[in-house]
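For reference, the structure I am asking about is given below.
Quick note on labels: first sequence line is chain A, next is B, and so on, each numbered from 1.
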Amino acid sequence: MDIRVQSDPFQPGEALDTFCDGPTDVGAVVSFTGIVRDTGGLTRMEIEHYPGMTERAISEIARRATERWALSRCLVIHRYGSLVPGDRIMMVATASRHRAAAFEAAQYLMDYLKSRAPFWKKEFGPDGAEWVAATDEDEDALNRW
Amino acid sequence: MDIRVQSDPFQPGEALDTFCDGPTDVGAVVSFTGIVRDTGGLTRMEIEHYPGMTERAISEIARRATERWALSRCLVIHRYGSLVPGDRIMMVATASRHRAAAFEAAQYLMDYLKSRAPFWKKEFGPDGAEWVAATDEDEDALNRW
Amino acid sequence: MIDVMYFAWVRERIGEPHEALETEATTVAELVAELKTRDPRYEAAFADLSALRVAVDQELANFDAPLKGVREVAFFPPMTGG
Amino acid sequence: MIDVMYFAWVRERIGEPHEALETEATTVAELVAELKTRDPRYEAAFADLSALRVAVDQELANFDAPLKGVREVAFFPPMTGG
């Protein structure tokens, strides 16, 4: 379990290649990369987080995923600070013997990171700044697990 | 839509980084990497394919995924020839505005590539060689779509 | 002494990222009630509790969570990670 | 003339990756029946049709697919990609 909460940029490709290396009992690696999307005039985004709790919350989510699916490895990288459209915000990777477990665990990690990891996004555009609101859809996504 | 059928090795990380670049209407990138798993004494694997039909079949699967989900980009790399445990066999990547579409489309691509793209795997081990049999599980996986 | 932390627009409305408080409150809800009597900034921040989440010692909790032995309480809007 | 292709263990049992055939067969099933009379190798390969898949001009097809105008027919076991 590799959890990184950082303000520095990261290269998803480099992280994926390192993640794919290792014991050869792994047949399936799934990755998710989140990218700052240019939603009509977004100039930048500030991501605030809760140091201390963030690592704890993510570790707990990852621990539960590793318990529920037969994961060999699991990676979460999440940035905070100032980002612009095109920047990679975060990444999740899961490794398992079979594809179903790797896919489901990655979706589980993403659903929980969205609504249960202490990050808050503020978007800056031509009309000022606004905190991104949590959606019912994201909250509902947790019900499937 | 980027479809590559090749005997040469590829770097999943390099492919992922290139795939993440591009128009910034993309918020979610999902990748799947298939790795040759060491299932008790596997020394190598031969992947045979049907040149001509392979590209057609994969393009058709990718076209249907792009139609069904709002994908901005879609990548499939699949190797043939001789591989050893740890080698990356294949990779799929999908890019969309939101994570649900990217995850589902990647799972759809994988399920169809497993059972509908003309590849056949032969495993070589200490007890000789054996063609990998298709499983009911893989066939059943298509029913969810 | 409890360390009280504020994040996102809760932090902006209160004007501080955190403060150390002496309180007699025995639950999070009592602490909120106490803060609201202090200053209109707290009233603005805590006007709609259904729009807020709370963490006690860095674990998500409810507003009826007890404060006995607690060192850190945090208030923030629903999280938007990922 | 139809180009007939064989893959995986079908290829191994027949001993050739492909061959060009003159045939009067009007469907894939008739072509299979014709091949089985030719040589025991074909009988071995086509013994259990439920274990085989067929493609006609590089598209998956059924055994009752017509051969009129067809240039290429391929026989192989269920695919194992991914």
Side-chain angles (χ1 to χ4, degrees), chain A residues 3 5 32-37 45-62 76-80 83 88-92 106-123 128-142, chain C residues 1-21 27-29 31-32 35 40-82:
Chain A
I3 314 285
V5 179
F32 177 93
T33 306
I35 301 174
V36 181
R37 200 152 54 87
M45 175 185 275
E46 280 286 341
I47 301 181
E48 183 171 337
H49 80 123
Y50 183 171
M53 180 173 168
T54 312
E55 291 78 359
R56 273 172 86 124
I58 298 178
S59 298
E60 176 59 19
I61 294 167
V76 178
I77 304 173
H78 204 304
R79 292 185 64 189
Y80 58 87
L83 290 92
R88 283 60 157 151
I89 305 177
M90 55 87 62
M91 176 175 180
V92 149
Q107 282 166 301
Y108 176 95
L109 287 170
M110 284 308 303
D111 284 351
Y112 274 88
L113 287 171
K114 271 274 166 197
S115 317
R116 293 293 182 272
F119 292 99
W120 301 273
K121 298 190 182 106
K122 192 175 191 175
E123 292 183 340
E130 204 164 349
W131 289 98
V132 174
T135 66
D136 289 344
E137 207 184 333
D138 283 335
E139 191 64 31
D140 291 346
L142 300 183
Chain C
M1 282 289 253
I2 292 182
D3 211 10
V4 186
M5 329 267 294
Y6 309 109
F7 293 97
W9 58 254
V10 182
R11 172 180 54 71
E12 290 177 340
R13 286 192 198 170
I14 289 171
E16 318 258 8
H18 63 94
E19 55 191 328
L21 292 178
T27 65
V28 173
L31 174 63
V32 170
L35 287 166
R41 292 178 294 130
Y42 295 96
E43 277 220 84
F46 293 114
D48 176 12
L49 289 192
S50 74
L52 289 184
R53 300 290 177 270
V54 61
V56 168
D57 283 341
Q58 304 188 351
E59 299 268 8
L60 283 174
N62 294 312
F63 282 86
D64 57 6
L67 290 185
K68 196 175 153 68
V70 162
R71 285 170 307 174
E72 190 171 303
V73 173
F75 297 100
F76 41 78
M79 296 158 269
T80 53

Original post:
If you take all heavy atoms of A/Val132 and C/Thr80, which pair is closest and at what distance?
Top reply: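 For A/Val132 and C/Thr80, the tightest heavy-atom pair comes out as O-CG2, 3.5 Å.
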Subject >> Part of A/Arg116 within contact of chain C (heavy atom distance under 4.5 Å) >> reply: both
Original post:
Within a strict 4.5 Å, meaning less than it, do heavy atoms of the C/Phe76 and A/Glu48 side chains meet?
Top reply: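 No, side chains not in contact.
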Original post:
Where on A/Ala57 is there a heavy atom nearer than 4.5 Å to chain C: the side chain, the backbone, both, or neither?
Top reply: neither
**OP:** May I ask you to name which of A/Arg79, A/Met90, A/Arg56 has the most heavy-atom pairs under 4.5 Å with chain C?
**Re:**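 Most heavy-atom pairs within the cutoff with chain C belong to A/Arg56.
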Subject >> Atom CZ of C/Arg71: over 12 foreign heavy atoms under 6.0 Å >> reply: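 Result for CZ/C/Arg71: open.
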**OP:** Report the C-alpha separation of C/Met79 and A/Tyr50 in whole Å, then their side-chain angles, then the decisive distance to 0.1 Å, and conclude whether the side-chain contact (heavy atoms from CB on, under 4.5 Å) test is met.
**Re:** CA-CA 11 Å; C/Met79 296 158 269; A/Tyr50 183 171; over 6 Å; no
**OP:** May I ask you to name which of C/Ala74, C/Ala8, C/Pro78, C/Pro17 has the most heavy-atom pairs under 4.5 Å with chain A?
**Re:** C/Ala8
**OP:** Verify the neighbour count for atom CD of A/Glu130: are there more than 12 heavy atoms of other residues, nucleotides or ligands below 6.0 Å?
**Re:** no
**OP:** Search all heavy atoms of A/Trp131 against all heavy atoms of C/Glu12 and return the closest pair with its distance.
**Re:**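 Shortest heavy-atom separation between A/Trp131 and C/Glu12 comes out as NE1-OE1, 2.7 Å.
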Original post:
Contact part of A/Lys114 toward chain C, heavy-atom cut-off under 4.5 Å: side chain, backbone, both or neither?
Top reply: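 Both parts, heavy atoms under 4.5 Å.
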Subject >> Atom pair CD/CD of C/Gln58 and A/Glu55 - distance to nearest 0.5 Å >> reply: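 Result: 9.0 Å between the selected atoms.
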**OP:** Report the distance from atom CE of A/Met53 to atom CD of C/Glu59, rounding to the nearest 0.5 Å.
**Re:**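 A/Met53 atom CE to C/Glu59 atom CD measures 7.0 Å (nearest 0.5 Å).
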Subject >> Residue part contacting chain A, namely of C/Arg53, when any heavy atom lies under 4.5 Å >> reply: neither
Original post:
Is the count of non-hydrogen atoms from other residues, nucleotides or ligands lying under 6.0 Å from A/Asp136 atom CG greater than 12?
Top reply: no
Original post:
Between A/Lys121 and C/Gly82, is there a donor-acceptor pair closer than 3.5 Å when you use the side chain of the first and the backbone of the second?
Top reply: yes
